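Read the structure below first, then the notes.
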Amino acid sequence: MRQAGPNPEHVPAAASSRVLGVGLAVLLLGTLTGAAAEPAEPRDDRASGEAALLDEMPVVISATRLRQPLDETPVSVTVIDRAMIEASGMLEVAELLRLVPGFQVGRSAYDPAIAVTAHGQSSAYPQRLQVQVDGRSVYSSVLSSVDWNNLGVALEDIERIEVVRGPSSPVYGANAFIGAVNIITRQPFQDRGWTVRAAGGDANTRSGLMRYAGSAGALDYRVSVTYDASDGFEGVNDGERLDGVSFRGVYEPGARDRLDIQLGYNGGEMGRGYPYPPEPNRDVERHYQYLRWSRVPGAGREGYLQLYHNYQRDREVLRDLTYTCGNCLLEGLTYDNGAHDHAAERFDVEGQYQVATGARLRLLAGAGLRLDRFRSELLTGREDFVDNLGARLFAQAEYRLGERWLLNAGAMLESSDIMDPEISPRLGLTYRAADRHSFRIGWARAVRSPSLLDNNWDKTYTDTRTGPERLDWFANSEFITPASLDPERLQILEAGYFGQWLEGRLTTDVRVFHQRIRDEIWLWRDPDYPECALLVGGNCLGDGAYLSDNGWGTDTTGIELDLKYRPGSRGFLSLAYALANAESDTLRGGAAVPGVNPARDANADVGTPRHTFGMLGSYRLPGGVEASLGYYYVSEMGWYGDGRVDPYRRLDLRLAREFPVGATRGKIELIGQNLDGEDREFSADNRLGARLFLRFSMKMD
Amino acid sequence: MLRRFGMGLLLVLLVVPVSSTGRVHRHLEVVLSGEDAIYTELLEAFRSWLVDIDTTEMTLSVSLADEVAENGGGNFDLVIAVGSRAAQVAAQSAGARPVLAVLAPRSALEPLRGRMRAPFSAIYLDQPPGRLMALGRAALPRARRAGMLAGPDLQPGPDAFRRVADEQGFSLNIQALAAGDNPTSRIRRILDDSELVLAPYDPLVFGTATAKWLLYMAYQRGLPVIGFSRSYVRAGALAAVYSTPEQIGRQTAEVVRKWLREGERALPAALYPVYYSVEVNDSVARTLGIDAPDPQVLAGQVDRLSGGGR
């Protein structure tokens with residue numbers, strides 16, 4: 001519900017070209033180092049022989065690093081693999097989540113945020129999904145949501161996305177409230193050499209990637225430089241021009257240790273998101289550093305220590321808003337002038353240790369410390385940083401009770417300056433009915449801490465005029481947090497089935513669940529807050545405010561289906577479907593208080609879309625052309641604060657062809673999105689018409 | 001330590017009178033590539049399987065390859081070279097004496113054959129292709145398509161592998177890998193079309209990080225890898241058939257015993273290991289949805305399918 005901002009002014013961004021320059025320099029450096037250090041791998045004299053057969057090797061697939069087989073996980077997991085990412089023709093990472101049963105993706109008009117949520121119940125800034133890139137959270141305190149536009153990783157560098165549907169704090173950490181999205185990037189060795197990719201098309205979209213991956217001794221590394229620009233929706237100021245550089249290095253000095261280093265920097269300009277001239281007017285800058293040291297001391301044991309730091313800075317200039325009420329005391333009053341400077345950072349350190357004792361028991365335990373800080377005078381009314389220091393402890397056990405039964409138990413204990421200690425437990429039981437057919441039942445409780453912004457709202461406008469006409473008593477609070485908030489609480493009961501058919505070619509996962517959330521944190525409209533500032537002719541001037549408070553409850557019941565059919569290497573079909581029903585009510589401490597939030601109430605009946613469907617199929621035709629088709633449908637849905645959207649229907653088509661280019665191969669793709677007709681995305685202002693893109697890529701080994 | 005032992009043995013020889021029973025007394029030299037456990041384990045096993053042989057019939061002298069390289073070989077009836085370095089040194093300095101090279105892969109030993117004037121005998125460390133393929137068949141009874149990487153020094157050559165694949169009912173997709181090639185694109189081609197990956201020992205593939213990548217990429221696709229060593233299984237291969245230094249040591253002892261009875265003609269040109277073990281990675285098997293069979297059971301099946309002796 002971030003309002004304000006009429007004619008925003010363009011802020012020239014110096015950061016953008018700087019990033020590109022730095023990126024190219026790093027790329028060049030990387031190539032030179034690689035070329036210098038990389039002739040034939042050195043071979044041990046004595047070891048061109050028996051050492052390879054008899055010496056120890058680094059454990060690549062450790063028992064505990066193993067994914068749990070899908071028929072044994074206590075939760076439903078949807079995997080979006082590289083083949084699906086390519087076939088989808090999506091140019092944005094967030095859009096890939098349309099392939100997850102029950103997930104909705106909405107490109108909002110504000111900021112411009114991209115909202116990704118499960119079973120609706122969301123504004124433009126959903127906070128209930130934990131999103132990580134290789135274990136590093138990509139959450140922005142300024143948005144109080146996930147910053148999908150600035151993940152710091154190129155689409156081409158993603159190997160797979162694993163989505164856990166359902167709360168899973170014991171494993172995925174705080175904020176894995178309704179689910180967790182784990183973006184796993186490719187190992188540097190997978191893309192050795194140069195890769196170049198360029199795309200262009202409608203909405204003035206231009207994007208490019210240049211990547212080099214090589215090795216220097218025991219270090220495999222990859223450097224990617226990206227550029228993304230687009231005008232976004234027509235008539236909405238949500239364009240962007242972003243460039244970035246990211247580095248990943250994996251260093252394995254011996255058989256037991258592994259060091260994973262990731263660095264990223266991106267920046268540029270983004271629009272503020274209102275129907276104003278489509279010039280981006282917000283200067284954004286992001287960077288992160290990540291380090292994970294893993295050690296496999298022996299068979300069945302593994303631990304890691306991970307540190308990361310995220311930093312973001314947004315600078316924008318908004319012009320004045322002016323009161324025009326035709327002869328009233330506030331006539332001509334201007335407010336919200338200023339250059340706004342928001343900054344946020346997160347420091348996080350986490351350690352985890354896993355043990356697989358024999359074939360029966362697997363244990364995992366860990367602890368972490370996190371510091372979140374954020375400064376935004378516009379949003380908090382303060383010039384200094386607000387911060388929150390938190391700690392967490394978590395553990396999980398998996399125990400085989402015999403041939404067919406598997407018991408899973410876990411819990412996370414969390415505490416911070418904002419939230420008193422809370423435990424989020426989870427229990428699950430899996431029954432393997434037959435080879436590759438299993439049933440499971442689970443129960444979990446989860447807690448979501450109020451975010452820094454939830455707890456520190458103070459967006460108050462004052463009269464910015466400087467002359468004698470200035471009304472110094474005028475204070476129009478738009479968003480306020482009157483008192484400290486309680487955490488949100490969730491309880492869920494779910495049951496599922498996982499089965500493989502047709503000799504493993506068809507995989508099905510069905511999940512039914514009943515979920516209750518209480519003490520939801522929203523912005524509640526209070527027309528009389530703080531007190532009526534001025535009575536003029538019986539009318540209260542000063543619009544009231546939105547108060548950040550707990551007090552909404554939602555019960556959601558649903559069924560999800562995840563189907564994957566892979567008949568051979570020529571193609572695949574993926575189907576995701578969810579049917580859900582939600583009932584919401586204003587509940588403060590259990591008692592209903594109706595009518596307090598008209599915006600929320602108006603959309604409450606469609607806060608959760610009834611049907612969500614996503615289908616993607618791909619087939620390699622004879623002649624070397626690969627054709628893929630995607631179809632996505634979401635029922636009528638209300639995004640809180642932004643109104644209802646008609647049913648969303650989208651047909652995507654993609655044709656791709658590989659061809660030889662000298663000694664290497666190139667690929668050209670024609671991508672058509674939303675070919676079936678115009679839709680509104682997220683709000684009535686965001687009109688999504690048919691879009692065509694052309695993409696070219698080349699890999700040089 | 002070994003040198004002292006060798007010296008001690010020589011001392012014993014000088015002090016103890018040699019009884020002439022009419023049997024020829026043979027001096028054997030065992031040259032170890034180094035002091036690592038893999039070599040000493042073989043030596044211990046070798047000795048223990050010949051413990052009944054009287055010192056009047058045979059005596060053993062142990063040295064390190066580096067010493068022999070420096071000082072040249074002594075006057076021995078048979079040189080047993082343990083490891084590829086020892087084999088290289090022995091081939092150079094053996095003169096007319098026969099050499100039995102053990103505990104090194106075929107690709108390391110075969111090139112030395114041409115350099116020798118005297119008989120060169122070898123017990124390879126790597127398994128015959130038939131055995132590897134049989135393990136693939138035993139572990140995955142319904143699979144039809146297999147794939148593998150082949151460097152230029154793969155021994156035996158690709159044709160031998162195709163033949164044994166055919167015998168076990170597999171079609172085999174072999175991707176050639178040359179030094180300087182990008183292995184990951186070759187690996188991808190194998191993975192696109194196979195249900196199982198065969199990983200015999202290949203000096204180009206396994207001297208580098210390629211081995212690691214092969215495991216990782218195969219695992220990402222959910223494809224099992226059948227490998228050539230226990231450590232490869234621990235690293236993530238589904239199963240492997242391999243021979244330990246003890247097992248090679250035992251076989252070496254048997255060859256030497258035969259040689260003591262029958263002389264030089266008993267030395268075989270080359271032998272694959274007779275004794276081998278099978279190891280399975282249960283966790284990987286579970287994740288790939290393969291019923292992890294008992295390694296002993298698998299070994300028995302490999303026996304039968306490959307027609308080889310244990």
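Predicted model, so just to flag it, every value in this text is computed and none were measured. Only heavy atoms go into these numbers, but all of them, side chains included; no hydrogens, no water, no symmetry mates. Protein chains get the first letters and strands the later ones, always in sequence-line order, with residue 1 at the start of each.
- Annotation for A:Leu54 and B:Ser243: closest pair CD2-O, 4.0 Å, computed over non-hydrogen atoms.
- Proximity to chain A involves both the backbone and the side chain of B:Ala104, based on heavy atoms less than 4.5 angstrom apart.
- Ring orientation note: the planes of A:Phe189 and B:Trp213 are close to parallel, at an angle under 30° on the 30°/60° scale.
- For B:Tyr242, no part sits under 4.5 Å from any heavy atom of chain A, backbone or side chain.
- Although no hydrogens or angles enter the test, the distance criterion places a donor-acceptor pair under 3.5 Å between the side chain of B:Arg188 and the main chain of A:Gln190.
- Remark: side-chain polar atoms of A:Glu50 are paired, donor with acceptor, to backbone N or O of B:Ser84 under 3.5 angstrom.
- For B:Arg106, no part lies under 4.5 angstrom from a heavy atom of chain A.
- Residues A:Gln187 and B:Met217 are not in side-chain contact: their nearest non-hydrogen atoms beyond the backbone lie 4.5 Å or more apart.
- Every residue meeting the side-chain contact (heavy atoms from CB on, under 4.5 Å) condition with B:Arg250, not counting sequence neighbours, appears here in chain and number order: B:Trp49, B:Glu254, B:Tyr275.
- In this structure, chain B has no heavy atom under 4.5 Å from any part of A:Asp81.
- Contact annotation for B:Asp282: neither backbone nor side-chain heavy atoms come within less than 4.5 Å of a heavy atom of chain A.
- Proximity to chain B (any heavy atom under 4.5 Å) is shown, for A:Gln500, by neither the backbone nor the side chain.
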